[in-house]
Amino acid sequence: MSVVIIGGHDRMVCQYKQICKQFKCKAKVFTQMSAAMSKQIGSPDLIVLFTNTVSHKMVNTAIQEAKRNNIPVARIHSSSASALHSVLEEHCVAM
């Protein structure tokens with residue numbers, strides 16, 4: 001299963017990827033808006049939006065890609081490791 005995480009803190013990227021690995025998920029993390037982010041998202045199984053630490057432009061780009069490719073979106077206000085863990089518990093199978 002593949003997951004794209006949008007938002008969060010730069011210093012937490014490795015931790016986000018480690019948590020996803022525990023749930024047998026491959027993760028891409030975008031903490032900053034890149035020029036071709038819509039092309040880089042691809043077609044994952046789940047998009048996780050940390051709404052507290054993300055710009056409106058990044059949210060709009062992610063939502064457009066999700067609608068275009070029928071990808072489920074999980075919105076979380078907090079960008080903590082435990083918040084990501086709880087979302088992945090709902091959508092993925094743990095090791």
Side-chain angles (χ1 to χ4, degrees):
M1 183 170 184
S2 61
V3 177
V4 170
I5 299 171
I6 300 193
H9 299 287
D10 291 328
R11 65 181 181 271
M12 295 280 289
V13 170
C14 292
Q15 198 169 1
Y16 295 149
K17 288 183 179 182
Q18 190 65 33
I19 292 168
C20 289
K21 191 181 275 188
Q22 291 173 359
F23 286 91
K24 300 178 185 176
C25 295
K26 196 174 188 181
K28 281 186 190 176
V29 182
F30 296 98
T31 57
Q32 306 290 325
M33 182 74 178
S34 63
M37 191 176 94
S38 61
K39 294 175 186 169
Q40 293 174 342
I41 288 176
S43 57
D45 298 313
L46 176 68
I47 293 178
V48 178
L49 284 174
F50 290 132
T51 57
N52 193 28
T53 56
V54 69
S55 69
H56 291 286
K57 188 175 181 180
M58 284 179 74
V59 170
N60 292 337
T61 301
I63 296 300
Q64 286 174 358
E65 285 300 308
K67 285 181 182 177
R68 186 175 304 139
N69 296 321
N70 294 324
I71 303 167
V73 177
R75 294 178 188 232
I76 313 169
H77 184 70
S78 172
S79 58
S80 66
S82 62
L84 177 61
H85 197 273
S86 65
V87 166
L88 292 177
E89 279 180 343
E90 292 177 23
H91 295 280
C92 303
V93 178
M95 280 177 108

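Values reported hereafter were calculated over all heavy atoms of this structure, with side chains retained and with hydrogens, waters and symmetry mates removed.
In this structure the side chain of Ser79 reaches within 4.5 angstrom of the side chain of His9, judged on heavy atoms. Contact of the Pro72 side chain with the Asp45 side chain is not registered, since no non-hydrogen atoms from C-beta on lie closer than 4.5 Å.
Met33 and Val29 end up in different hydrophobic clusters when Ile, Leu, Val, Met, Phe, Trp and Tyr side chains are linked at under 4.5 Å. When hydrophobic clusters are built by joining Ile, Leu, Val, Met, Phe, Trp and Tyr residues whose side-chain heavy atoms come closer than 4.5 Å, directly or via intermediates, Leu88 is not grouped with Val73.
Annotation for Pro44 and Ser2: closest pair CA-OG, 3.1 Å, computed over non-hydrogen atoms. Nearest heavy-atom pair, Gly42 versus Ile71, reported as atom, atom and distance to 0.1 Å: O-CD1, 4.2 Å.
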Practice prompt. Check the pair Asp10 / Thr31 against side chain to side chain donor-acceptor pair (under 3.5 Å), numbers first and verdict last.
Written response: CA-CA 6 Å; Asp10 291 328; Thr31 57; 2.4 Å; yes
Practice prompt. I would like to know whether Met1 and Lys24 meet side-chain contact (heavy atoms from CB on, under 4.5 Å); could you show each step before the answer?
Written response: CA-CA 7 Å; Met1 183 170 184; Lys24 300 178 185 176; over 6 Å; no
Discussion item. The test is side-chain contact (heavy atoms from CB on, under 4.5 Å); show your working for Ile6 and Val4 and say whether it passes.
Written reply: CA-CA 6 Å; Ile6 300 193; Val4 170; 3.9 Å; yes
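Residues satisfying the ring-ring contact (aromatic ring centres under 6.0 Å, His included) test with Phe30, not counting sequence neighbours, are none.
To the nearest 0.5 angstrom, Cys25 atom SG is 9.0 Å from Leu84 atom CG. Summarising the geometry, atom CD belonging to Glu90 is positioned 6.5 Å from atom OG belonging to Ser86; distances are rounded to the nearest 0.5 Å. One finds the CD atom of Gln40 at 8.5 Å from the CE atom of Met37 (value rounded to the nearest 0.5 Å). With values rounded to the nearest 0.5 angstrom, Thr61 atom OG1 is found 7.0 Å from Ile41 atom CD1. Atoms OG and NE2, from Ser80 and His85 in turn, are 11.0 Å apart once rounded to the nearest 0.5 Å. One distance of note links CD of Glu65 with NZ of Lys39; it measures 10.0 Å at 0.5 Å rounding.
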Which donor-acceptor pairs under 3.5 Å do the side chains of residues 46-55 make with protein atoms, sequence neighbours left out?
| from | atom 1 | to | atom 2 | distance (Å) |
| --- | --- | --- | --- | --- |
| Thr51 | OG1 | Ile76 | O | 3.2 |
| Thr53 | OG1 | Gly8 | N | 2.7 |
| Ser55 | OG | Met58 | N | 3.2 |

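Here His91 and Phe23 keep their ring centres 6.0 angstrom or further from each other.
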